[in-house]
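Just so it is clear, the model here is predicted, and its values are computed rather than measured.
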Amino acid sequence: MVDHSSANDRDRDRERPTASPWPVLIAIGLAGSEVGIVVDLFPVAVGGLVLFAASVAGILAESDHVTDPLPVAMGFGAVFALGGGMLYALGTDTVAPAAVDGLTGLTTRGLAIAIAGIVTVVGTVIVHYRRRYHR
């Protein structure tokens with residue numbers, strides 16, 4: 001058999017790490033956020049969602065799907081803040097459709113998701129600032 005790969009392909013394969021920490025961090029973040037939201041543990045939910053958003057952004061950057069992970073993390077933060085804000089509004093009866101009458105705990109769960117979004121957005125702004133002005 002003939003090897004049709006070039007020396008550059010072989011060198012690039014050797015430079016890549018064989019194992020990435022991101023899948024484990026995504027799993028921990030997703031599990032932590034789910035446990036925190038379902039059991040209504042505020043700090044666990046916030047930490048899990050922030051870890052999940054940062055890990056997804058990290059894995060996308062590592063696999064060269066995006067050049068900069070900060071906009072991805074910022075997008076996750078915005079979605080979390082908006083979604084959490086909507087759940088909070090439903091929980092406090094600011095918005096009261098008939099479909100959510102039997103649901104309980106939306107206030108604290110929505111607040112945890114919204115705070116996680118805000119923490120993620122603020123964290124990305126801080127990282128962007130440090131990258132840009134503190135080199």
Legend entry - N/O donor-acceptor pair under 3.5 Å between Ser55 side chain and Phe52 backbone: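 No; zero donor-acceptor contacts below 3.5 Å.
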Inset, instruction - Verify, without hydrogens or angle tests, whether Arg109 (side chain) and Val38 (backbone) share a donor-acceptor contact under 3.5 angstrom. - result: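 Yes, because the side chain of Arg109 sits within donor-acceptor range (under 3.5 Å) of the backbone of Val38.
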Inset, instruction - For Asp40, check salt bridge (charged side-chain N to carboxylate O under 4.0 Å, His left out) against everything at least two apart and list the hits. - result: none
Inset, instruction - Sort and list the pairs that fulfil salt bridge (Lys or Arg N to Asp or Glu O under 4.0 Å) and have at least one residue in residues 112-122, not counting sequence neighbours. - result: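 Every candidate salt bridge (Lys or Arg N to Asp or Glu O under 4.0 Å) pair involving residues 112-122 fails, so no pair, neighbours aside, qualifies.
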[X]-[Y] co-clustered via ILVMFWY side chain contacts under 4.5 Å:
X      : Y      : result
Val46  : Ile26  : no
Leu41  : Ile113 : no
Val121 : Ile115 : no
Val122 : Val127 : no
Val56  : Phe80  : yes

Closest approach of [X] and [Y], non-hydrogen atoms and distance?
X     : Y      : result
Ala45 : Ala112 : CB-CB, 4.0 Å
Ala53 : Phe76  : CB-CB, 3.6 Å
Val44 : Gly32  : CG1-O, 3.3 Å

State, yes or no, whether a side-chain contact exists between [X] and [Y] at a heavy-atom distance under 4.5 Å.
X     : Y      : value
Leu49 : Ile37  : yes
Ile59 : His65  : no
Asp68 : Arg131 : yes

Legend entry - Residue list, side-chain contact (heavy atoms from CB on, under 4.5 Å) with Ala61, at least two apart or on another chain: Val66, Pro69
Inset, instruction - Name all pairs fulfilling the ring pair (Phe, Tyr, Trp, His ring centres under 6.0 Å) condition that reach into residues 110-135, sequence neighbours left out, sorted by first residue then second. - result: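 Passing the test, one end in residues 110-135: Tyr129-Tyr133, Tyr129-His134.
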Legend entry - Pairs touching residues 22-43 that satisfy ring pair (Phe, Tyr, Trp, His ring centres under 6.0 Å), sequence neighbours left out: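 Listed once each, the pairs would be none.
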Legend entry - Spatial distance of atom CG (Leu70) from atom CD1 (Ile126) [nearest 0.5 Å]: 11.5 Å
Legend entry - Under the side-chain hydrogen bond (donor to acceptor under 3.5 Å, both in side chains) test, residues paired with Thr107 that sit two or more places apart: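 Checked Thr107 against side-chain hydrogen bond (donor to acceptor under 3.5 Å, both in side chains); zero matches.
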Inset, instruction - Return yes when atom OH of Tyr88 has more than 12 non-hydrogen atoms of other residues, nucleotides or ligands closer than 6.0 Å, and no otherwise. - result: no
